[in-house]
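Here's the structure, in structure tokens; my notes come after.
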Amino acid sequence: MTAVAVKGLRVDLSGRGVDVVDCVDFTIDAGEVLGLVGESGSGKTTVGVTLLGDARRGAAIVGGSVVVDGQEVVGLRPDRLAKLRGSTVAYVPQDPSMALNPALRLRRQLDELFEFHRPELPDAARDERIRTTLREVGLGSGDQEEDDAFLARFPHQLSGGQQQRVTLAMAFVLRPRVIVLDEPTTGLDVTTQARVLSTVRDLCATHRVAALYVTHDMAVVSNLAHRILVMYAGRIVEAGTSAQIFDAATHPYTRALLAAVPLVSQRRELTAIPGDTPLPGSRPSGCAFHPRCPDAVAECATTTPDPVQVSPGHVVRCLRATRLGPARTAPRAVEPRAVRQNDVVLRVADLDAFHGRRQVLHDVSLALAARECLALVGESGCGKTTLARSIIGLHHRHSGGITFRGGEMATRARDRPPELRRAVQYVFQSPYNSLNPRRSIGEILREPLAVLSPVPAGKGRAGRTRAAVSEVLERVSLSPTVAARYPDQLSGGERQRVAIARALVCRPEVLICDEVTSALDVSVQASIVRLLRRLQDEEGLALLFVTHNLALVRTVADRVIAMRAGRLVEGGPVDDVLDHPGDPFTRALIAATPEFGAAPPGVPSAPTSREDRT
Amino acid sequence: ACGSGSGARTGGTPRRGGTLTVATGGAKGSDTLDPMLLNSIPVSYMARVIYDQLADFGNDMEYHLQMAESIESNGTGDEWTIRLKPDILFHNGKTLDADDVLFTFQRTFSLPGAVTVGKFKAFVDLDGFTKLDRRTLRMKLLRPSATFHTALASPFKIVPVGFDPRNPVGTGPFKYKSFTPNRQWVCERFADYWNADGPSQPSATPAPPGLGPKPYLDELVVNVVNDDSARINALVTGQVDAINLLQYAQIPTIERHRELKLLESRTGAWTGIYMNMRQPPFDDVRVRQALRLAIDREQALTACLSGHGVVANDLPEPFATGYPASLVRERDLDRARALLREAGQDGVEVELVTGPVSTEAVSMCTVLADNAAEIGMKVKVRQVDTATLFGPNFHHWPFSVDKWPPQGDFLTLMALTDLSDTTTLTHPGGADLAELRGLYEQAQASTDGTRRAVLTRKMYEIQYERGGWIIPFFANVENAHNVRTAGWPEQDFPGRTFGNGHFEQVYRTD
Amino acid sequence: MRVGLVLTGLVLLVVVIGPFLAPHAHSDIIGAPFSPPSATALLGTDYLGEDVLSRVLAGGRSIVWISFVGTLVGVAVGAAIGMTAAYSGGVVDELLMRTMDVLRAFPPLVLILLLVSVARAESALMPLIVAIAWVPQVARVAYGAAKEVVGREFVESAEALGTPRMRIVRREILPNVMTPLMVDFGLRLTWSIGIVSAMSFLGVGLQPPAADWGLMIKENYQGLALQPWGVVVPVLCVAVFTFGTNLMTEGFARTVARVSPLEVTT
Amino acid sequence: MDRRPSSATGRLWLLRRVVFGMAVVLLGSVLVFAATQVLPGDPARAVLGHEATPERVAALRTELGLDRPLVAQYLAWLGGVLTGEPGHSLVTREPVGGLIGDRAVNSAVLVLVSAAVVVPLSVFVGAVAGRRRDRPFDRAVLVVTLGLTALPEFIIALLLVILLSTSVFPLLPGTVLLAPGQNPFGEPAQLVLPVTALVLGVLPYLARLVRGSVIDVYESEYVRTARLKGVPENVVLRRHVLRNALVPAVQGTALALAYLTGGVVVVEQVFNYPGLGSALVDAVNNRDFPVIQLICLVFAACYVAFNLLGDAMTVYVTPRLRTAGR
Ligand SMILES: Nc1ncnc2c1ncn2[C@@H]1O[C@H](COP(=O)(O)OP(=O)(O)OP(=O)(O)O)[C@@H](O)[C@H]1O
Ligand SMILES: Nc1ncnc2c1ncn2[C@@H]1O[C@H](COP(=O)(O)OP(=O)(O)OP(=O)(O)O)[C@@H](O)[C@H]1O
Ligand SMILES: [Mg+2]
Ligand SMILES: [Mg+2]
Ligand code: NI
């Protein structure tokens, strides 16, 4: 039974005749989960909210039809639309911390739905429904008093995972026919994500709800969605069942996306998609993907492709759909590198670190060899950043030894000699935060040179500095013209390259990367990872790679150490640790990481202590 | 000047009783109803309402006896006998007698900051009093003073023995009810006013005969509204019946409103500019005279008073005996320039310290500076607040301003100003001072009025030729009231506003 | 924003070249007080008989100068204090900002009155007095803006490089608080004009015979019924100037800073 | 979670704020005292007037304690303030407390009445403008508020007097005449213009603040979520928008109150209103520093109190802060 039927949907930026999405057709059956994937800016959210008859401020649905549960929502009167929203079709927003009203208690926010959609329902019945739903999303305890106390809370009194579950409960409490989930797990750690995903799957199955699941992460939908739509620049470029997409991806874009995803189970050479997603209004003619497409031919630039059915239910919008060879779902696996372990450049011994009076690191010791990439993994809040910041001299409250090539390093960066400050460099997590928005890239890159003055003063200094800047930009594969731009004129990936360039410009020996890819799309992540590997190979950098993403560890690192609650729990060569995890914690982490290609991973359902209600 | 409007226009039938609400300007936080400390316009006319004097100058500056039946001196002017009128009651029911007068003198001399003491200091001997009977007091003075009776006529308010300024008691037409400095004070009718049937000051709308004894009003409420605009606003919107210290520019506003009437009077009050004769460049008489010749009195009168006043010739007390009306100074820029050049002070620069002592004080200085520039003298006007103006430098500014009410007698004034060591602003010295002193002593010692007038005139002439005062004009006082009130005096030569405070003859007509 | 620029420019033009165009010296008495407009006095005369037009042309200098310099100095000093406190943290932060809190407890006009009661408002001192009144307020704004920046990673990155503190404040923090500071400057300029003219109005600002718009309003208000121009024109000048600077600030805030000016200040 | 402080720290927070506020006032008193003690003018002279002799002035200086060391003067003064006897006016010789008390009440009435008018009005205007963003009403509000901010307060006040009292429509009294001790509420007509002047002074800022925060909230994800939940538009405004938009409005109100206390100085002067502001201007002109000191201190205390109130209210209307104590 069809719950959603979208035909010829087009959303324009108001009054500008520029489409955000166009020619979108799809259907969702009751009980079916449809995955909608694509890079940032491809129009996923735009499509998602049209199912609720909505378009964001500044945009409008200008064509096509959206039939939800037998009712056309395009052009529906506002009051009728309001009746529909929440009861027939529900929405789970991307960021629960922003989407819950901070001034209202949870009960009120849940109850509100009954107030407008089921006013006839007696209080007791409502209560019952709310508590059942809470149980379903894994928040209910079965104990009425405890539930009441929970419902009396305000949103800020919940953890991120709990907040996301509340939004799920809000969506499911009225048993809608259709539900739209917009990247509901971004920002959650893997274990929490795994639990939210299983909740969604169970709920859709039990209540026969049709779901549209929006995400940019292929791995996430791989074991959730029955069918998948791949979106690029406002068009659906490929649609098919989960199996068809993962096993027989046809569109070059889909293939590229898949090739960019790192896997826990397999060390693979990640390939990045060159360039950026085009914005509405500046999309290339013909096939919008052609400038980035490895398989593009001249025709692609001029002819807009029509959907082609390559097999039953598998539709591809590519001129060369039938002519491309078999899918290369599994990129080339690579061998681990050999690193000499005895050439230790950086050593941390028995480090205890504190935030205020709280000790966050206990007896941490590690050694980093030249040319080596050491990954540091651990769940959120375990102390990874604190360790990295202690090494670089930004976190001062610690005891224990940090030595560089045998020389003791002062706790404060300012107290260290310039030579040491030059040799150990740090790249921050967020490229949006780590570049001064008011200074040009050139100025940003010249700053380390000016402060550490490796370019000797004297005549021609300015020229040599400029040369150094151009050179470092080239090393991170950016054009020297970027120097004149400001950070907000760059994409996230380009910014992260600049951040890396800033670290590289004074030719360090050790680079500490703290979650440098977690704010980026997978394909951009792939390009950054490739860049780091290249630098390591070509320049002999030693890398301390901090991450919570185990799949990345497999791809990037030579050795890994796992940390839990401020203590190291396990360490060793990457393949040893990931293939035969010794610590139960490492094992759980591996299990929760979404995977495709390999056997679908199991999803742990027992809540861990972190998620316990306080 | 446009006088007090055309004909009498009253709002209705005159009646007794009622409350008169007025708004006054010029009040200070330091105002007090203590009659020895009167230091602002409002308290000076309020004192007239509550207290009374032995003798007085009328609104026309004519001397007359008030509570005294007689004030007589012996032939040499060093012994005076004061006889009081009978049956004058204080507000507390006590009858006025010689002890009260004696007490008033004693209090004047012992109260810190008493303003009236200056007039008496040189003459009155506190041990020289003899009480002849209940109503008669004889005073032996330290030295002759032929004008002692006029000194008694300038504000010298008789208070009862044991007077307490927190509960002021006098013999005036109104009884004190409440007083908050800088806010409001209230007085009520005193039924036993001794002079209830006495003569009134001339008025365009005198009380009709049937109105009974004075005062006619039941209550007098004086609100302090120091801001000129706020004050006239209060009158226009009917919140008060009368206001004082009207600005000349506001006169047309009054004239536009049919229910409002202007009350304008010439005065003998003046704002003077004082040259310190002991400091250069004013130690040279030529410089002083040059400035006095340079100032354009007509222009000053127009600019500062919009013409509401009369030109003066650097001499005060125009109503005093001996005032030389013939001494008129014409503007003469050539002579002024010549004098300045002679003195070698061409292009000299001086600072003129001025402040809000009167509404015209600052503009007067501006005009002077303007005129001085024409003879090649650079006068820099520095405006300061009263605290600074009257600060420690007050008597030593080289060039400054101050405002004076008329004293009724030039000798009294000289004693308070140029002849006083401590309070002079002009600091005459040498031969001038000696000559002035001599003339003053002679005049005080002569009981012959004609001779006194001659001596006084001599002093006036010295002032005119060599003095340090610049008095460009006498300013009119401007008040306004609505037509629901009448009986206001036409004249107010002392310039104390509200018809010199003669509220006892004001009545309502609504 | 363009309208604001034009208005402000117009006023500044009057201020700069006005005195040269004035038909009379600003303190020359040219006729009877409050005479209506005539050929000699195009806008009539004021309470002393001075030419209103000449005084208007001459009277902008003081107010524009005092409010501009006062605001500039106040914003500069306040910004320096706020940024230093925000970046230094710890004792310096507490010391500076608590001092500012104490100063901030006095409404600007009250602080100014307090200062004026100490030092008379000589025209050279006035900008300083205005500046002092703004320092604590601006310090607060700069502190807030800087505090948001000091925790950011690019500042840490500079610290990890061992960049000298002053250089961090100048190079990393200042550019980021510049925008709110500019908006703040615009707003405070507007307020300064109001405050300077209010000072004249209260009689604690510039003193006659100086020509000053605020003073003119006070001086000629009583003659409003006779000769409105003496009040209306300076009021218009003040209003146009504040309106202009206000529009400019608003425009700047919208286009460059993408914030409402109020958000910056509160 | 570990970030949540206990209830004790919540109460401690308030206590600390109060203590801190008092410290600010105390330091403010030092500032005020220090500032007023370096006066160049001689208050004794100002009191006695122009006919006083130097001996009289010296005697008065001694009497007033002006010849004692500064610290001793300060401590004596502070002790006096704390025990309710903040000295005597140099000018009237009356106890300062008595002089100011009545005026403080008047000013408080003025400020509170203005606040009572301007706060709901601003919230209403701001909310409607924010709701109808970029529509004619909103545009009109923006233009009018911009125009109002361009006019200094005293000019607004003068224009009001011309317009509504003396010249154009003589409807209302343009001068306030209150007997000492008289309740300003007894003469409501007299309050209208001063209150209007203050309201017009504050309205632009507060209304724009509310408008801005309403717009922000309208743009927020949770309002979008509420709409996507099918909540009717009027309920969205009432329940979801206003409640959250209130937070900046509360802060803004505290600010506006503080601003009003400053604004009374000018407005009182224009209307001859017998309040603290006009008393301060008089005192400044008279160099009556016991009065200056006390009034400035009262202003500072009010400001601190308003801020404290604003903070407390903010905490109260912001669950995130209010429940921090749980
Ligand atoms: N109302 C709007 N006004 C302006 N631009 C818009 C609007 N709605 C969408 N866009 C633009 O259209 C493009 C698609 O937006 P959309 O949010 O649907 O993408 P998305 O795939 O959900 O991206 P993300 O993964 O970042 O959430 C973006 O470039 C966005 O900037
Ligand atoms: N400035 C701080 N003050 C107090 N506690 C802090 C501070 N920064 C971090 N912590 C605490 O220290 C612990 C370790 O934090 P850290 O940032 O090192 O974790 P992390 O492993 O990097 O986490 P994530 O993966 O979320 O980045 C956490 O419990 C955190 O709450
Ligand atoms: Mg999206
Ligand atoms: Mg971290
Ligand atoms: Ni006349």
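The figures that follow rest on heavy atoms only: side chains count, while hydrogens, waters and symmetry mates do not. Below, read A as the first sequence line, B as the second, and so on, with proteins coming before strands; counting in each chain starts at 1.
Here the side chains of A/Arg412 and C/Glu159 are not in contact, with every heavy-atom distance at 4.5 Å or above. When side chains are defined from C-beta on, A/Tyr426 does not count as touching C/Ser157, because their heavy atoms never get closer than 4.5 Å. You'll find the side chain of A/Arg438 stays beyond 4.5 Å of the side chain of C/Glu172, heavy atoms only. Between C/Arg152 and A/Pro437 the shortest side-chain heavy-atom distance falls below 4.5 Å.
Only the side chain of A/Leu394 comes within less than 4.5 Å of a heavy atom of chain C; its backbone N, CA, C and O stay farther away. Heavy atoms of A/Gln425 lying under 4.5 Å from chain C belong exclusively to its side chain. Within the 4.5 angstrom heavy-atom criterion, atoms from both the backbone and the side chain of C/Arg171 approach chain A.
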Below 3.5 Å, can you tabulate the donor-acceptor pairs from side chains in residues 140-150 of chain C to any protein atom, sequence neighbours excluded?
residue	atom	partner	partner atom	Å
C/Tyr143	OH	C/Asp93	OD1	3.1
C/Tyr143	OH	C/Asp93	OD2	2.7
C/Lys147	NZ	C/Ala86	O	3.2
C/Lys147	NZ	C/Asp93	OD2	3.4

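Counting non-hydrogen atoms of other residues, nucleotides and ligands closer than 6.0 Å to CZ of A/Arg414 gives a total above 12. More than 12 non-hydrogen atoms from other residues, nucleotides or ligands lie less than 6.0 angstrom from CZ of C/Arg98. In this structure, C/Arg165 places its CZ atom where only 12 or fewer heavy-atom neighbours from other residues, nucleotides or ligands lie under 6.0 Å away. By the neighbour-count criterion of 12 heavy atoms within 6.0 Å, atom CZ of A/Phe404 is densely surrounded, having more than that number from other residues, nucleotides or ligands.
The CG atom of A/Leu452 lies 5.5 Å from the CG atom of C/Leu161; values are rounded to the nearest 0.5 Å. For the atom pair A/Gln429 CD and C/Glu153 CD, the distance stands at 7.0 Å (nearest 0.5 Å).
The shortest heavy-atom contact between A/Arg421 and C/Gly162 is NH1-CA, 3.4 Å.
Ion pairing of C/Glu156 with A/Arg389 is present here, as a side-chain N (NZ or NE/NH1/NH2) and a carboxylate O approach within less than 4.0 Å.
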